[in-house]
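Note that the structure is predicted; figures quoted are calculated from it, not measured. Labels below follow one simple rule: chain letters A, B, ... track the order of the sequence lines, proteins then strands, and each chain is numbered from 1.
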Number of protein chains: 2
Amino acid sequence: MQNNYQQQKLGILGGGQLGRMVIQAAINYNIDIHILDPDPNAPCKAIANQFTVGSLTDFDTVYAFGQNCDIITIEIEHVNTEALEALVKDGKEVYPQPHLIRLIQDKRAQKQFYKDKGIPTADFVLTENKAEVMQHKHFSPAVNKLGREGYDGRGVQILRSPDDFHKGFDAPGLLEKLIDFDTELAIIVARNKRGETVAYPPVECLFHPTANLVEFLFSPATITKEVQAKAEAVALDVIQKLDLVGILAVELFVTKEGEILVNEIAPRPHNSGHQTIEGNFTSQFEQHLRAVMNMPLGNTELRMPAAMVNLLGEDGFTGEAFVEGLDEAMAQKGVYVHLYGKKITKPFRKMGHVTLLDENLETLKKRAFEIKELIKIKA
Amino acid sequence: MQNNYQQQKLGILGGGQLGRMVIQAAINYNIDIHILDPDPNAPCKAIANQFTVGSLTDFDTVYAFGQNCDIITIEIEHVNTEALEALVKDGKEVYPQPHLIRLIQDKRAQKQFYKDKGIPTADFVLTENKAEVMQHKHFSPAVNKLGREGYDGRGVQILRSPDDFHKGFDAPGLLEKLIDFDTELAIIVARNKRGETVAYPPVECLFHPTANLVEFLFSPATITKEVQAKAEAVALDVIQKLDLVGILAVELFVTKEGEILVNEIAPRPHNSGHQTIEGNFTSQFEQHLRAVMNMPLGNTELRMPAAMVNLLGEDGFTGEAFVEGLDEAMAQKGVYVHLYGKKITKPFRKMGHVTLLDENLETLKKRAFEIKELIKIKA
């Protein structure tokens, strides 16, 4: 018997939209998936083979959950890594490896890793409290990040001038020089247990001006072949130096001088790879499965230029969600709507996304902005 | 509020692979799907929002099932149409319309419809029993079909010479002249309640030599633009004359003289449209949802040439299935494996399919035959 994917139960910590899209990919392989999430109405609830309500950060809950699985992975990195390590000792396979999840949970350890391994990143200093932030006004303009618990733009702030430094986080964090970047890229890389690696072509991210969330993404990025090759080499270098099994989203700055700097990494499917479902030969969600289940990795080439538009809950609306403009969008060629099954909308909550395909990059961008105006998530 | 897809519960009669792929498409729209199937382990079981075990042909079961739904559709046509008509009287929406399901259930009524409406089809005669088949030896070579219950090659036989006519079905059926066709095409067409229609580009089907099942499919078909236009016009003519809401698979013969004849139709997603998931802008499964839920229809153009290889249970093996050759296939660019989640394999049982993408039609065909040799479903 050459494969036993169908005999292995895959446990995923987290049942949000990322887990949901992993399940969508897993249906084709008939993989038995068990989800753990604290929210009884999490997006994965209706489509997981088994769904357990429970804390992702509680040792006993995660440990008990893992006992029923053969392979365990994550769709969010804020999980109890001690429980995962205990599961590894029990003979379970856990990917990404628990010590790497722990490293990445802590932005300070992450930054230190780049420095130790010679991976290019913005200059930084570790700070223990606000007083220490205040001592580094010469970093201005700077980005101040909390070491832990930052997510989707929380725990990150820009200190534009020395006068802002009194707002510094009064907890362990880091202060890094604000990069005057030309482009913000993201690259998904993957690595399986056999050590095979692949990189997706870089994409370009546009962030929401205030919510600090990806709002638009364009694939491919409009960069030179040299910058692309350099960025891919850096991203592959990171996953290889980590020895990580799974997929890794690498966010990169391209400076005005054409230098590549690693900003942050996430060891799981990522918002910057949603367009791969329709835009590339293998989606990031299937690639994640392939990597953690030690299948051969899939081809990462573009099938067609793609844009991704995040459908964020409209500011000012909280309550049962409804979607405006869906019909008009669906009537267009190359529009793919993904709703995450979240009943309640809140300002800037990620409620879904749209992928848009268009051979012409100019038209693609224009249409992406139009889709954003067309589809509104209200209550 | 412009749409209420998320507020409508869609009931599907049948929980096999076709329903499973409809659910896969529905997840993106967060549509609440309720499945009825007699098999407690049907392919839809794990991913339907609700799954009811029950007979599709029993009035009370189908009627009770429909009471809990807003819109009801099918993934198999052998269902109790009286119950569906009662549900329509109760104000439920049922697509395709029950009288059309009844028409299509009966191959005799289907043929008569073509004749009455001027739709080109092979010459035929209706026969009540074997004696009547024997009276029409001048139809030789002929195809003898049972009026009802034929499915996946059952209830169909070829009578090659007058000497074969004693094998004629001794039940209501039909006898039609065997068409010496050049190509066997299939076209999926769709129509929504608003009366919008679309046609997919024709595909070419290769049947298994003995099992009478589609074994390979190539998209696009290698036909002239004129034949393509004619075939699409015939297929659209059929759905319009039926006034059908939903999707319709139209199987067509192209005779050696370039004439188009309708062979059979199926008012649901069909094996001849599986490659649309990866090969076209909108999959047939999403199109089915769009049609029955009165959404705008999706673009049907090809994204890339595609082949579909049915993964049939290997002859001589019955029991718990395992898949040979999966790893080697998955390592190839443009290979998409779809396993249907059936535990038990039987000779020629449809266990899954593979879609293959390749820009070059010659390479595509060569690779499709190789995939067939590579992946084997055994027990």
Side-chain angles (χ1 to χ4, degrees), chain A residues 1-7 20-21 23-25 27-33 43 45-50 196 277-278 281-282 286 290 294-301 303-304 320-343 352 357 378, chain B residues 1-7 20-21 23-25 27-33 43 45-50 196 277-278 281-282 286 290 294-301 303-304 320-343 352 357 378:
Chain A
M1 177 160 176
Q2 285 184 297
N3 72 77
N4 58 354
Y5 311 136
Q6 291 179 60
Q7 275 64 49
R20 183 174 166 102
M21 291 185 269
I23 295 176
Q24 286 181 273
I27 293 171
N28 287 337
Y29 296 101
N30 196 30
I31 296 167
D32 189 3
I33 292 193
K45 183 190 166 61
I47 59 172
N49 293 82
Q50 274 184 272
E196 295 169 359
I277 297 173
E278 295 89 3
F281 277 91
T282 307
E286 170 155 348
R290 287 178 178 237
N294 205 27
M295 297 168 168
L297 297 180
N299 181 289
T300 57
E301 288 170 42
R303 291 188 59 189
M304 205 179 281
E320 198 156 328
F322 78 87
V323 186
E324 252 184 36
L326 201 51
D327 258 44
E328 294 94 307
M330 286 174 68
Q332 295 181 32
K333 176 176 171 184
V335 165
Y336 299 87
V337 173
H338 297 257
L339 299 177
Y340 299 153
K342 299 177 184 177
K343 277 219 164 128
L357 299 179
K378 297 185 177 172
Chain B
M1 177 160 173
Q2 286 184 297
N3 72 78
N4 59 353
Y5 313 136
Q6 290 179 60
Q7 276 64 48
R20 182 174 167 102
M21 290 185 271
I23 294 176
Q24 286 181 275
I27 293 170
N28 287 337
Y29 296 101
N30 198 28
I31 295 167
D32 188 5
I33 292 192
K45 184 189 166 58
I47 60 172
N49 293 81
Q50 274 184 272
E196 296 169 357
I277 298 173
E278 295 89 3
F281 277 91
T282 307
E286 171 156 349
R290 287 178 177 235
N294 206 27
M295 297 167 168
L297 298 179
N299 181 288
T300 58
E301 287 170 44
R303 291 188 59 189
M304 206 179 280
E320 197 154 329
F322 77 85
V323 186
E324 251 184 39
L326 200 52
D327 258 44
E328 293 93 309
M330 287 174 68
Q332 294 181 31
K333 176 177 171 182
V335 165
Y336 300 87
V337 173
H338 297 257
L339 299 177
Y340 299 153
K342 298 178 183 176
K343 276 219 164 129
L357 300 178
K378 296 186 176 171

| query | Hey, which of B/I27, B/I47, B/N49 has the most heavy atom pairs under 4.5 Å with chain A? | reply | B/I27
| request: Measure A/E278 against the heavy atoms of chain B and call it side chain, backbone, both or neither at under 4.5 Å. | output: both
| message | Less than 4.5 Å to any heavy atom of chain A: does that hold for the side chain of B/E301, its backbone, both, or neither? | response | side chain
| Winner by heavy-atom pair count (cut-off under 4.5 Å) against chain B, out of A/R303, A/K45, A/E196, A/R20 | A/R303
| said: At a heavy-atom distance under 4.5 Å, which candidate from A/M21, A/K333, A/H338 has the highest pair count against chain B? | reply: A/K333
| field | Sequence-distant partners of B/E320, side-chain hydrogen bond (donor to acceptor under 3.5 Å, both in side chains), two or more places apart | value | none
| field | B/N299 to B/T282 - nearest heavy-atom pair and separation | value | O-OG1, 2.8 Å
| For the student: nearest non-hydrogen atoms of A/L339 and B/Y29, plus distance | CD1-O, 4.1 Å
| request: Please state whether the side chain, the backbone, both or neither of A/I23 comes within less than 4.5 Å of a heavy atom of chain B. | output: neither
| Atom CD of B/Q24 and atom CG of A/N28: how far apart are they, to the nearest 0.5 Å? | 5.0 Å
| With A/Q332 via side-chain hydrogen bond (donor to acceptor under 3.5 Å, both in side chains) - residues at least two apart | A/R367
